[in-house]
Amino acid sequence: MEPAPWGTALTSRRTVLGGLAAIGGLVVAPAAGLVGYLYADSGRSNVGTLSFRNRLRIPPVLEPTIDADGRRRFRLALGEGRTELLPGTTTATWGVNGPILGPTLRVRRGDRVAMDVSNHLPETTTLHWHGMHLPAVMDGGPHQPIHPGRTWQPSWTVQQRAATLWYHPHLHHATAAHVYRGIGGLVIVDDGDDDAASLPNHYGVDDIPLILQDRRIDDDGTLDLSDLAFGGLTITGLLGDKILVNGTYDPYVEVSTTLVRLRLLNGANARIFHVGFTDDRDFSLVATDAGARGTPLSLNRLMLSPGERAEIVVAFRPGEEVVLRGFPPPLGANFAYQRLAGGGDTHDLIKMIAAATLRPSAPLPARLGREVPVPVPTRPEPFRLEMGDFLLNDRTMDVARVDRVVRTGSVELWQIVNGQSIPHNFHVHGSAFHILDIDGSAPPEYLRGDKDTVYVRPGATVRLAVRFLDHSDIRWPYMFHCHLLAHEDAGMMGQFLTVSPQDAPLVPAGPGAVHDGHGN
């Protein structure tokens, strides 16, 4: 099933929003009936339906070659395939070097890397390096399309501390469909600080990646794409009732050590996961989107919106079994929107099975490395971004319009305002930020530290101190956007140039000031 045309989708969603506007504040008979329908139809749970029969697929680490220039070269082929997701059926999927998802790329700070990204898909796409600090022309956003049969060859030097990043398509108006079909994978950055922290680091054994996604899959294995463009009653994009972890349905993983590091990625289109264990055990948050925390933080729940990552360390006892679950997320929305956005949903994600005898792990250190201080803005006036219905500051995305010009190496105060009743989040390319406050109060402890993606609940104002890179470019922009992919595709995105003082007078003005998304 193909997504609805954009005009139909926008009209459908605005009709739904208009019909729901009074729910929660005004109770009339039709509204009450609709509330009952929403309550019955939108709540989803798989608890009690899984047998945890399938061994978790661990994405392989892709070994690079060393090219003539001494760069570590990774070869990525994007193509179509078929994957057995539901038992006894296969599903048409897309993947990188395989039928679904892609290999993990592992690099170290200081590495010079190069990519050969070949598009064997039937459509133009892109590949964006989410969280990577690199020149805008290498970013893989809408301005770096890869046409069918062509190969894109970006290269850069890794200049950031250890972190769990990821790659995924970012073609304007098509990101949701391309990610949903299966394109995506992890990038792990290593450095000396991470080595010194003595965290579990045997990839796939005690250092386990978990890419969390949801899908709708018909009984015959067909991937249901009907709500990707706001069909039906969705307000955030498609929410699936089938959970995939690393592209595996109904998964389990075996644990062989007393401590296990889980690298969590919310790779879903719209679903917000509120993860925790079914026995409510505590775990230690050791890293957020852009790198390690200064100290571990003990939690038993952690909310991740699409695009966010976290690294947690969990302790196990011999022979025990426990399920990692997605609990109903506290979205901060009204009753109807809470339900429509998945706020009433509960999903078992994966069963973790400890061996009868476990190898002892090194104790979790009290200090994890050098804590990045909260940066002080170098530009006093804030950049205010108001989130509207497919809009940022009352405008939809225009690939030929620059929405902001920032100075290389600067720190800006960005004020993100969600004046709607709908959940959103916010991601900025080529940068990292610290959350200064949410509605004037200090952020909760789990949101402190280096990040690049943040949830923005309905009615909230989030202030960010955003650090910009030293890469100056007067023509190639970076993106900022809501990372609920249907919102992004519908135009809830803008772009900025990062320019040095020397290059600032050369910035073109007016339409056509930046490349148009087709390489022009």
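What you see below is based on every heavy atom in this structure, not just the backbone, and it leaves out hydrogens, waters and symmetry mates.
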* Do E308 and F273 touch side chain to side chain, with heavy atoms closer than 4.5 Å? -> no
* **T295 vs R367 side-chain heavy atoms within contact, under 4.5 Å** => yes
* To do: Determine whether L76 and L62 make a side-chain contact, defined as any pair of heavy atoms from C-beta on separated by less than 4.5 Å.
  => yes
* Asked: Counting only heavy atoms not in D394, do more than 12 fall under 6.0 Å of its CG?
  -> no
* Describe, in one word, how the ring planes of W414 and F383 are oriented to each other, choosing from parallel (under 30°), tilted (30 to 60°) and perpendicular (over 60°). => perpendicular
* If you measure from the Lys or Arg side-chain nitrogens to the Asp or Glu carboxylate oxygens, is any gap between R457 and D439 under 4.0 Å? -> yes
* Do R112 and D69 meet the salt-bridge criterion of a basic N to acidic O distance under 4.0 Å? -> no
* Asked: Are side-chain N/O atoms of H487 and N425 paired as donor and acceptor at under 3.5 Å?
  -> no
* Would Q153 and D116 count as having a side-chain donor-acceptor pair, cut-off 3.5 Å? -> yes
* Asked: Below 4.0 angstrom, N of the basic side chain to O of the carboxylate: do R475 and D473 qualify?
  -> no
* Should I416 and H424 be marked as a side chain to side chain contact (heavy atoms under 4.5 Å, CB included) after you check the CA-CA gap, both sets of side-chain angles, and the distance that decides it? -> CA-CA 10 Å; I416 316 302; H424 292 296; over 6 Å; no
* Answer whether the closest heavy-atom distance between the side chains of R82 and P99 falls below 4.5 Å. => no
* Working to the nearest 0.5 Å, report the span between NE2 of H471 and OG1 of T157. => 8.0 Å
* Applying the side chain to side chain contact (heavy atoms under 4.5 Å, CB included) test to V499, which of V406, T408, I474 qualifies? -> I474
* **Residues which pass side-chain contact (heavy atoms from CB on, under 4.5 Å) with L302, listed by chain and number, not counting sequence neighbours** => V275, F283, L285, L299, L304, A310, I312, Y446
* Asked: With no hydrogens and no angle check, is any side-chain donor or acceptor of N393 less than 3.5 Å from a backbone partner on E386?
  -> yes
* Are any of the side-chain nitrogens in D191 or R161 under 4.0 Å away from the carboxylate oxygens of its partner? -> no
* To do: Establish, from distance only, whether the side-chain atoms of T248 and N246 form a donor-acceptor pair under 3.5 Å.
  => no
* Any side-chain donor near an acceptor of the partner, T453 and H130, under 3.5 Å -> yes
* Asked: At what distance, to the nearest 0.5 angstrom, does CG of N119 lie from NE2 of H147?
  -> 9.5 Å
* V137 backbone acceptor or donor facing H143 side chain under 3.5 Å -> no
* F496 and F468: ring pair (Phe, Tyr, Trp, His ring centres under 6.0 Å), yes or no, with the steps? -> CA-CA 11 Å; F496 65 95; F468 296 100; 5.5 Å; yes
* To do: Quick one: sort the H168 and H170 rings into parallel, tilted or perpendicular, breaks at 30° and 60°.
  => parallel
* **Under 3.5 Å side-chain donor-acceptor pair for Y203 and T104** => yes
* To do: For residues 410-432, pull every pair meeting salt bridge (Lys or Arg N to Asp or Glu O under 4.0 Å), keeping only residues two or more places apart or in separate chains.
  => R379-E412, R404-E412
* Asked: Do F74 and V107 come close enough that some side-chain heavy atom pair is under 4.5 Å?
  -> yes
* **Pair R263-T164, side-chain donor/acceptor within less than 3.5 Å** => yes
* Got a donor-acceptor contact below 3.5 angstrom from the Y455 side chain to the P423 backbone? -> no
* Counting only N and O atoms by type, is there a donor-acceptor contact under 3.5 Å from the side chain of N97 to the main-chain atoms of R75? -> yes
* Are side-chain heavy atoms of R467 and V372 found at a separation under 4.5 Å? -> yes
* Asked: Is N418 reaching over with its side chain to a backbone N or O of V456, donor-acceptor style, under 3.5 angstrom?
  -> yes
* Asked: With distance as the sole test, does Q160 use its side chain to make a donor-acceptor pair with the main-chain N or O of H133 at under 3.5 Å?
  -> yes
* Asked: Side chains of H481 and E488: do they bring a donor and an acceptor to under 3.5 Å?
  -> yes
* To do: State, with a plain yes or no, whether a side-chain heavy atom of P142 is found less than 4.5 Å away from one of Q495.
  => no
* Do E80 and R181 have side-chain heavy atoms sitting under 4.5 Å apart? -> no
* **I243 side, atom CD1; R271 side, atom CZ - distance, nearest 0.5 Å** => 5.5 Å
